[in-house]
Trainee: 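If you scroll down you'll find the structure; I have some questions about it.
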Amino acid sequence: MNHSALKRVFVAVAAGVLAAAGLSQPASAINQYRTIGNVPKPAACNNHGTIPAGGWLANKSCGYVMGTAIAGTLFDVSTTTASNFHFGRWRAGDGSSFCTYLVPGALDTSHSTPVADSCSSATSDRLSHRRSFGHDFDAAPHTGNGSIIVAINPSACTGYYNYFVDSNYTSGRLHDPVGFALPSTGGYRYSTNDNGASMIRVDALGETIWLFVARSCIQSQLPATLNNEND
């Protein structure tokens, strides 16, 4: 029996012993890294400029922005695509964590820590469909990009980089305030499924920045009918 065959026998026996003892096999180890700021916007998606606060989080490569991996937070890399988007778990400093995609160039790869993999391919597949995390989109799938211009009252409306707190994507809370006053207009993209927040794009800090606001801040500016097709 060769080495590979012996290894398979050993793994099978070990699994049987664990099962008999009522234990599960440990999850495979992956690498965890710290995130950085001033991340280049992904050229693979025809973007230009930088993301000052940290890398965009998205539902897939070149997908919908779902938040920002604030510099200094943690990201567990489960898989990496051919265009260097990373799928894995983002861990915010406030205890929020969820499975998502992270744009290339957003990790400090000089140091890593081994951790158990906690994001599955099933989660990635579910996340690729936009109704899993949002509704009332500005346009049909693969179009739009913040096409509905809304008025913003900067004195009453605060911007936040993040909303989602877990991989259910069904609820959350506004967190990670952007730290600058919002401009008077923005481009509406979608709302979270619980209507707690809306994703908009604004021009600020010399860049186009995606952020969340409370949906109530812009509710009156939204058309009566929005797009709820899945993709």
Trainee: Where do F98 and T123 land on the side-chain contact (heavy atoms from CB on, under 4.5 Å) test, with the steps shown first?
Mentor: CA-CA 10 Å; F98 57 92; T123 299; over 6 Å; no
Trainee: Within this structure, what is the CG-OG1 distance for the pair D117 and T79, rounded to the nearest 0.5 Å?
Mentor: 8.0 Å
Trainee: Run the salt bridge (charged side-chain N to carboxylate O under 4.0 Å, His left out) test on D138 and R201 for me, step by step, so that the C-alpha distance in whole Å, both residues' side-chain angles and the decisive distance to 0.1 Å come before the verdict.
Mentor: CA-CA 12 Å; D138 60 331; R201 58 172 173 79; over 6 Å; no
Trainee: Among side-chain atoms of R89 and S97, is any donor-acceptor pair under 3.5 angstrom?
Mentor: yes
Trainee: So, taking the atom named CG in D136 and the one named OH in Y190, what distance separates them when rounded to the nearest 0.5 Å?
Mentor: 12.5 Å
Trainee: Can you check whether G72's main-chain N or O pairs, donor with acceptor, with T35's side chain at less than 3.5 Å?
Mentor: yes
Trainee: Determine, using the 4.5 Å side-chain heavy-atom cutoff (strictly less than), whether I36 and W210 are members of one ILVMFWY cluster.
Mentor: yes
Trainee: Could you check if a side-chain atom of L102 sits within less than 4.5 angstrom of a side-chain atom of L107, using non-hydrogen atoms only?
Mentor: yes
Trainee: What is the distance from atom OG1 of T158 to atom CG of L174, rounded to the nearest 0.5 Å?
Mentor: 9.0 Å
Trainee: Quick one: does any side-chain atom of R130 pair with a main-chain N or O of E229 as donor and acceptor, under 3.5 Å?
Mentor: yes
Trainee: Between G67 and M199, which heavy-atom pair has the shortest distance, and what is it?
Mentor: N-CE, 4.1 Å
Trainee: For the residue pair F164 and F133, categorise the inter-ring angle as parallel (less than 30°), tilted (30 to 60°) or perpendicular (more than 60°).
Mentor: perpendicular
Trainee: Quick check: does any side chain N or O of S171 sit under 3.5 Å from a backbone N or O of D194, one acting as donor and the other as acceptor?
Mentor: no
Trainee: Hey, what do you get for CZ (R215) to CG (L222), rounding to the nearest 0.5 Å?
Mentor: 5.5 Å
Trainee: Under a 4.5 Å cut-off applied to non-hydrogen side-chain atoms, are R91 and T73 in contact?
Mentor: no
Trainee: As an exercise, state the distance from OH of Y64 to OG of S128, rounded to the nearest 0.5 Å.
Mentor: 11.5 Å
Trainee: Testing the basics here: between F85 and C45, what is the closest heavy-atom pair and its distance to 0.1 Å?
Mentor: CZ-SG, 3.5 Å
Trainee: What pairs with C99 under disulfide (SG to SG under 2.5 Å), at least two apart in sequence or on another chain?
Mentor: C119
Trainee: Judged by modelled atom types alone, do T170 and N168 share a side-chain donor-acceptor pair under 3.5 Å?
Mentor: no
Trainee: Taking all non-hydrogen atoms of both residues, which atom of M66 and which atom of Y169 are closest, and how far apart?
Mentor: CE-CD2, 3.8 Å
Trainee: What class does the angle between the rings of H86 and F75 fall in, given that below 30° is parallel, 30 to 60° is tilted and above 60° is perpendicular?
Mentor: tilted
Trainee: Just to verify, which of N195, T192, N193, N227 counts as forming a side chain to side chain donor-acceptor pair (under 3.5 Å) with H135?
Mentor: N195
Trainee: Side chains of V39 and T50: closer than 4.5 Å at any heavy-atom pair?
Mentor: no
Trainee: Should I51 and E207 count as side-chain neighbours, where that means a heavy-atom distance under 4.5 Å?
Mentor: no
Trainee: Before you tell me yes or no, could you show the steps for V77 and I30 under side-chain contact (heavy atoms from CB on, under 4.5 Å), namely the whole-Å CA-CA distance, both residues' side-chain angles and the distance that decides it to 0.1 Å?
Mentor: CA-CA 6 Å; V77 178; I30 57 173; 5.7 Å; no
Trainee: Quick one: OG on S147 to CZ on F137, what's the gap to the nearest 0.5 Å?
Mentor: 12.0 Å
Trainee: Can a donor-acceptor pair be found between the side chains of S121 and S124 at a distance below 3.5 Å?
Mentor: no
Trainee: Closest approach of G172 and V165, non-hydrogen atoms and distance?
Mentor: CA-CG2, 4.0 Å
Trainee: Count I, L, V, M, F, W, Y as connected when their side-chain heavy atoms are under 4.5 Å apart, and connections chain through other members. Are V150 and F180 then in the same cluster?
Mentor: yes
Trainee: For the residue pair H175 and W90, does the interplanar ring angle fall in the parallel (under 30°), tilted (30 to 60°) or perpendicular (over 60°) class?
Mentor: parallel
Trainee: Could you give me the CA-CA distance, side-chain angles and deciding distance for V178 and Y161, then say whether side-chain contact (heavy atoms from CB on, under 4.5 Å) is met?
Mentor: CA-CA 6 Å; V178 297; Y161 284 116; 3.7 Å; yes
Trainee: Do the side chains of V213 and L182 get nearer than 4.5 Å, heavy atoms only?
Mentor: yes
Trainee: For T81 versus S61, what's the shortest heavy-atom pair and its separation?
Mentor: CG2-OG, 3.6 Å
Trainee: Given side chains that start at C-beta, do those of N162 and L57 come closer than 4.5 Å, heavy atoms only?
Mentor: yes
Trainee: With a 4.5 Å heavy-atom cut-off, do I218 and I200 have their side chains touching?
Mentor: yes
Trainee: What's the shortest heavy-atom distance between G144 and A139, and which atoms?
Mentor: CA-CB, 3.6 Å
Trainee: I want to check something: taking the side chain as every heavy atom from C-beta on, are V65 and R189 in contact at a cut-off of under 4.5 Å?
Mentor: no
Trainee: Run L226 and I148 through side-chain contact (heavy atoms from CB on, under 4.5 Å) and show every step you take.
Mentor: CA-CA 10 Å; L226 292 159; I148 298 175; 3.4 Å; yes
